[in-house]
Novice: 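For reference, the structure I am asking about is given below.
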Number of protein chains: 2
Amino acid sequence: MSTKPDVAFIGLGAMGFGMATHLVKQGYNVTGFDVWAPTLARFAEAGGKTATTPAAAVEGKPVCVCMVATAQQAQAVLVDGDLAPAAAALPQNAVILLCSTVPCGYVQTLAATLADPNGPVRRPDLLLVDCPVSGGATRAADGTLSIMAGATPEALNQPLARTVLGELADPAKLYLVDGGIGAGSNTKMVHQVLAANQILSGPEAMGFAARLGLPADASTLDALLKSPGFSWMFGHRGPRMIAGFQPLASAITIIVKDTAIITSEARRAGFATPMTSVVENVLYTAVNRGYGGEDDSALLKLYTDGLPAASSQSVDTAKSLKLVVDLLKGIHLASAAESLAFAHFVGLDLDLILDLCVNAAGGSTMLSTHGPAIIALLRGEKPPVAEGADSLATIYENLATAVDTAQQIKAPVFLGAQALTLLRLTMNHAKAAAQTAPAAAVVKVFA
Amino acid sequence: MSTKPDVAFIGLGAMGFGMATHLVKQGYNVTGFDVWAPTLARFAEAGGKTATTPAAAVEGKPVCVCMVATAQQAQAVLVDGDLAPAAAALPQNAVILLCSTVPCGYVQTLAATLADPNGPVRRPDLLLVDCPVSGGATRAADGTLSIMAGATPEALNQPLARTVLGELADPAKLYLVDGGIGAGSNTKMVHQVLAANQILSGPEAMGFAARLGLPADASTLDALLKSPGFSWMFGHRGPRMIAGFQPLASAITIIVKDTAIITSEARRAGFATPMTSVVENVLYTAVNRGYGGEDDSALLKLYTDGLPAASSQSVDTAKSLKLVVDLLKGIHLASAAESLAFAHFVGLDLDLILDLCVNAAGGSTMLSTHGPAIIALLRGEKPPVAEGADSLATIYENLATAVDTAQQIKAPVFLGAQALTLLRLTMNHAKAAAQTAPAAAVVKVFA
């Protein structure tokens, strides 16, 4: 066996196609499978081999990457689908790298199913790695993804597994997560709390800006991205918001799938996700209005109903921008707290999570600024003083002014209002201490 | 002066017209004013006198009822509008019954303005009663409204004021509220927490039912109204939901006005209203979609986007109905807690509030069942055991199942998800005691 193992790659969607062709370019012998025939043909053109069933794809391959969209699809291609599934057909001691975003509960069940001596697969020899990814299609194709991998030490340290993970990830962004199978998925899940909130906070901010009379154009976007309201997602989606929601890079249905994982796993674990639950319900209204297949930048449409295309209002630009920035700051603080509190609740390493999220699609200025103090509070330690950071009371007052203004113009600010609620509940529970509490104290509402 | 004083009546909208004509039928000499001329003509046909300015209407009248829609309108017709305003034109020691739903802060400012020796009116002799009403247009026309009146003892006990309030109210539903000017408006405000939540919970429930494949018809409505998910609002709006949102009885813009009072007064007072804040943002989406002028039963449309008119699903009716009832139970419990906690926060008499709300448009089975225990917890007393009532954990589990199911079919359940969040936060703060806590314990999240 060479140092570049033969690889089976199941699931050649936007992310999977990039990852699989990257492996081809790096000299790997890759056999792809997908149910969508045109994609298979395109993969062959890119130098890959193809197969017509999952079982045929994995035959003789010591490593199988699975990058399908959902747990249901993973179950079908690996265990019990109509097309001959992969797991039973893998060679002895093969590695399965499950890169799909799935619930922790699913991947744990899958591990048990694979090994079950009375189950449909009966392969305790297989090494399963729970390793969802983040970073988008461009980084997938460049082999510079963030990857969060959990498994048994035996699987995590298997040389072929490490080789392939190393090809797909940016070396600085391959996170080996303690906690065994499920810990990778939990890590992705808490990252997606940030991703989901920030996929919606951008449209909410741009919609609010437009209702305030600011132009929904590059000048407004640029000002917001240079502010403490910055998020990676807004930097990524913002240009598409002002370009007719083109190109279609990530459909609304994708983040809908992820919010469902977050809130259902939260219910299973007994954790409350006030911010993500609001995101989810707003997303369902988008799906029901027929927007599901559109790029998620099109969520802006939910916030601009009935708004004239061009405003003739005279606007105090600096004052209006401040309101929008204050809205974003409140939302990003609350979602940072929700994400890290959830990570703590499911037992993840908070320093690793913060490092990962700051450097992946979940990053925001508020997370970078307040994350260390949030983590300290979750651990019962004295929080570090965040350099130049506003207090809880200041963020509350500024956000309240933004929400007040939104009320006057009947601008929906679902996330801003929910963040305000969480800040207020925190302050009321803290009573006298509320005036001096650090912004990070909002995390206490979750625990 | 006879025992039936001459009355000026300003504001002849859906409620005001009924109230004013009721006074005419009872033999009062009533002079009406409204900016909408056709209404004035109709009032003259009904036996009233009319005037073309507020000042002309009140000339020589010892009692002036003001039933305009907003604080802005009240300010204009009483103090400083373009048409000669009423206050300065009233005779000495006249009574103003301000029946509009306005913020507590506004009516307190109005009282100060009327009396201010350097102000625009300079009439410390006037007696202002803060007396918003509830009950809908039918009860307005029957003289059987619920009225919640606050004022100085001098104003509250003025015989003419009491006479006119007695004509407009059901004798059992005239509530004299301690706390002076503002206490009446605060009472209405906490009542409207229930009204607003239940105006939306009906459509949310019917929309969820429809997505589950239940018919959105009288059979489903009837089953829900006979369940513990009953609310007065659903009984009132439900028939209109299944009759094409006709007749137009109360426009969406009316409840929008009231939610704005609730959330802005909550911000001013430092109280969190998680349920009503969600209601408000959903209402803004309705307004921005152009539904503002429609009957509020048309909020159902927000929940049925993309849903085929007739379902061909085979449905387990009993199981599906239980999910919808559990959704309503969770929402009504959380909104009962929010309403009573807010009442406590602003210093109202909780027994009076509960009695009023149970018997007015805010009534629901959950409020009747759990209200006494919620009040006991707010007072730091041991809650009474509510006969046959589910525990907090049971309501949580049932609601979680409903929200889980909604997730599977992508049904938006904004209020159900928010109620679940509040129940979960309560349970997590209560830790070990959560399993045995009464449902009423959800109120602790607010305090």
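Only heavy atoms go into these numbers, but all of them, side chains included; no hydrogens, no water, no symmetry mates. Chain A is the first sequence line, chain B the second, and so forth, proteins listed ahead of strands; every chain is numbered from 1.
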Novice: Can you find a heavy atom in the side chain of A/E397 that is under 4.5 Å from one in the side chain of B/R267?
Specialist: no

Novice: Specify which of B/T285, B/L302, B/V445 makes the most heavy-atom pairs with chain A at under 4.5 Å.
Specialist: B/V445

Novice: Heavy-atom cut-off 4.5 Å, strictly under: side chain, backbone, both or neither for A/V282 against chain B?
Specialist: both

Novice: With the side chain counted from C-beta on, respond yes when A/N288 and B/R211 share a heavy-atom pair under 4.5 Å apart, and no when they do not.
Specialist: yes

Novice: I'd like to verify something: which residue of B/F446, B/F271, B/Y396 has the highest number of heavy-atom pairs under 4.5 Å with chain A?
Specialist: B/F271

Novice: First locate atom CG of A/L425, then atom OG1 of B/T273, and finally report the distance between them rounded to the nearest 0.5 Å.
Specialist: 9.5 Å

Novice: Contact part of A/E280 toward chain B, heavy-atom cut-off under 4.5 Å: side chain, backbone, both or neither?
Specialist: side chain

Novice: With chain A as the partner, which of B/A406, B/S277, B/A447 has the greatest number of non-hydrogen pairs under 4.5 Å?
Specialist: B/A447

Novice: Report, by ascending residue number, the residues of residues 291-300 of chain B in heavy-atom contact with chain A at a distance under 4.5 Å; give 'none' if the set is empty.
Specialist: none

Novice: Taking 4.5 Å as the heavy-atom cut-off, does anything in residues 410-421 of chain B contact chain A, and if so which residues?
Specialist: B/K410, B/A411, B/P412, B/V413, B/F414, B/A417, B/Q418, B/L420, B/T421

Novice: Under the side-chain contact (heavy atoms from CB on, under 4.5 Å) rule, collect the residues that match up with B/A196, sequence neighbours excluded.
Specialist: B/I255, B/T259, B/V279

Novice: If contact means a heavy atom pair closer than 4.5 Å, which residues of residues 329-344 of chain B contact chain A?
Specialist: none

